[in-house]
Number of protein chains: 2
Amino acid sequence: MSRATDRAYAGIRNMILSGELPAGSQLGEEALAERCGVSRTPVRDALRRLEGELLVKRNEAQRSFVAAWSLADVEDAFELRAMLEGHAARRAAERIDDVTLEALRACNNAIGRAVRADPPDVAGFLEGNREFHAVILETAQSRRLASLLGSLIEQPVVWRTAHHYGREALRRSHSEHDELLAAFARRDGAWAQAIMASHIHRAFHAYADAHHGLSAIDGPRSA
Amino acid sequence: MSRATDRAYAGIRNMILSGELPAGSQLGEEALAERCGVSRTPVRDALRRLEGELLVKRNEAQRSFVAAWSLADVEDAFELRAMLEGHAARRAAERIDDVTLEALRACNNAIGRAVRADPPDVAGFLEGNREFHAVILETAQSRRLASLLGSLIEQPVVWRTAHHYGREALRRSHSEHDELLAAFARRDGAWAQAIMASHIHRAFHAYADAHHGLSAIDGPRSA
DNA sequence: CTGCAGTCTATTGTATACAAACGGTCAAGG
DNA sequence: CCTTGACCGTTTGTATACAATAGACTGCAG
């Protein structure tokens, strides 16, 4: 996208994630435009995009609000992600070539280095993790699947989870990726799918554990 | 949505489906605005929506074109639909109450009447079918799932398939719905999921059979 | 003849002004 | 005091004008 639209999108997104705009608060186009330093037009584009990602919801009168995420919503998102990314992993395993496989190995090695650093390099882990999953999604060669997953993997609640991971959880994630690589090397789609689904489900429980009882740390959550 | 945006959306969509705008042709915002009798603003909204549904694709320079659908693309869409609607059916089976179940039965009875009419009432079948699947999706109680499926079930290639169905295929579809109702009555999620997946896969093959060898009937298709 | 560079045009991005619609409030009547 | 209606303010929808950009074309030089 272009500069102003990106600025509006990133700005609004950050305001929501940081809790500056709490769940349920109204998002007036004009107010947002002023805060982002752009006009209403790019703000409208950004709101539509965020609405597609379910970060923003609109009432019947077309007014926009910050969406509230219950624990059930989060579980829902993870469940769908497990299903779709599992499917992506299966397709990837059936289609991957040796060059891509090697690239994935390199990527996971980088993740390994980030995990072993002292203190663990969470930003590096997140970037490597994002890249790893992105390559798999691309290898799955399904534009539709990519489009569907796009609105799920960018979810704040998902990637923020890693900030609550201990070193042990990070290490486990890294080793699950290794197992995934083994499945890819054997071109075993069913295996890859099972590992990926398990990988995502574990991530959900890491999230649930980290947030169970904690409150007001993570902004948009209603229950 | 509001009047102008709806007009632009419906108009562009119809132009694409009718083949008036063939696959690959460029969609200039200004030209579309003039043809729909609205300004560029609602056209832009409509294009973004159609892009989300993958009916329109944009190149790197942000220009919009009518998306080309290969048979592989269609199969891809059906495969994802089978997975997601299967999931929806399972959730619905685990959550459905007697009132909703009865509503679904009534809906499928209406489908049955449309199928038995002479000649078969394809429009009635489509409407009943849409309603049937919509109720299941709603009963699944997953906003995210509904949002993901939204971009798949509205696909032209999907619903147009029924126009090529013979009476026998329509009847089979109706009886698969009956079996689904049985699974719902038993609250058997796994069974419901399996039937639904099978139901969608069969629909894909009906499509593939009807279009194998035929050409230029169905507008946007590249292969 | 080919390659590069500059310009030129077509198209989209952005801003802003105006129109329409929804919600809330205040007042009047029962 | 409650209910109902109309009015006004706030917010979004739509149109249009202007800015920026990508791609094509042309002309010049090697």
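Numbered from 1 within each chain, the chains take letters A, B, ... in sequence-line order. Because the structure is a prediction, the values reported are computed rather than measured.
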Subject >> Residue B:Pro42, side-chain atoms from C-beta onward, closest of C:dT14, D:dG13, D:dT14 >> reply: D:dT14
**OP:** Output yes when at least one side-chain N/O atom of A:Ser39 is less than 4.0 Å from OP1 or OP2 of C:dA15, else no.
**Re:** yes
**OP:** Evaluate side chain to side chain contact (heavy atoms under 4.5 Å, CB included) for B:Ser70 paired with B:Asp76, printing each intermediate quantity in order.
**Re:** CA-CA 10 Å; B:Ser70 68; B:Asp76 199 25; over 6 Å; no
Original post:
For B:Thr5 and D:dT14, is the shortest distance between a side-chain N/O and OP1 or OP2 below 4.0 Å?
Top reply: yes
Original post:
Under 6.0 Å from the CD atom of A:Gln26, do we count more than 12 heavy atoms belonging to anything else shown?
Top reply: yes
Original post:
Think B:Gln62 has a side-chain N or O under 4.0 angstrom from the OP1 or OP2 of D:dT21?
Top reply: no
**OP:** Tell me which of B:Gln26 and A:Val38 sits closer to the 5' end of DNA chain C, going by the nucleotide each one is nearest to.
**Re:** B:Gln26
Original post:
Mapping A:Ala4 and A:Ala61 onto DNA chain C by nearest heavy atom, which one lands closer to the 5' end?
Top reply: A:Ala4
**OP:** Tell me what A:Leu27 touches on the nucleic acid: a base, only sugar-phosphate, or nothing, going by heavy atoms under 4.0 Å.
**Re:** sugar-phosphate
Subject >> Nucleotide of C:dT12, C:dA15, D:dT11 approaching B:Arg63 most closely (side-chain heavy atoms) >> reply: C:dT12
Original post:
Do any N or O atoms from the side chain of B:Arg63 and from the backbone of B:Ala61 form a donor-acceptor pair under 3.5 angstrom?
Top reply: yes
**OP:** Look at the side-chain N and O atoms of A:Arg3 and state whether any lies under 4.0 Å from the OP1 or OP2 oxygen of C:dT12.
**Re:** no
Original post:
Looking at B:Arg44, does any N or O in its side chain come under 4.0 Å of the phosphate oxygens OP1/OP2 on C:dT12?
Top reply: no
Original post:
For A:Glu29 and C:dA17, what is the distance between atoms CD and P respectively, to the nearest whole Å?
Top reply: 16 Å
Subject >> Side-chain donor/acceptor of B:Arg40 to base of C:dG13, under 3.5 Å >> reply: yes
Original post:
So, A:Glu94 and A:Arg91, do they make that salt bridge, N to O below 4.0 Å?
Top reply: no
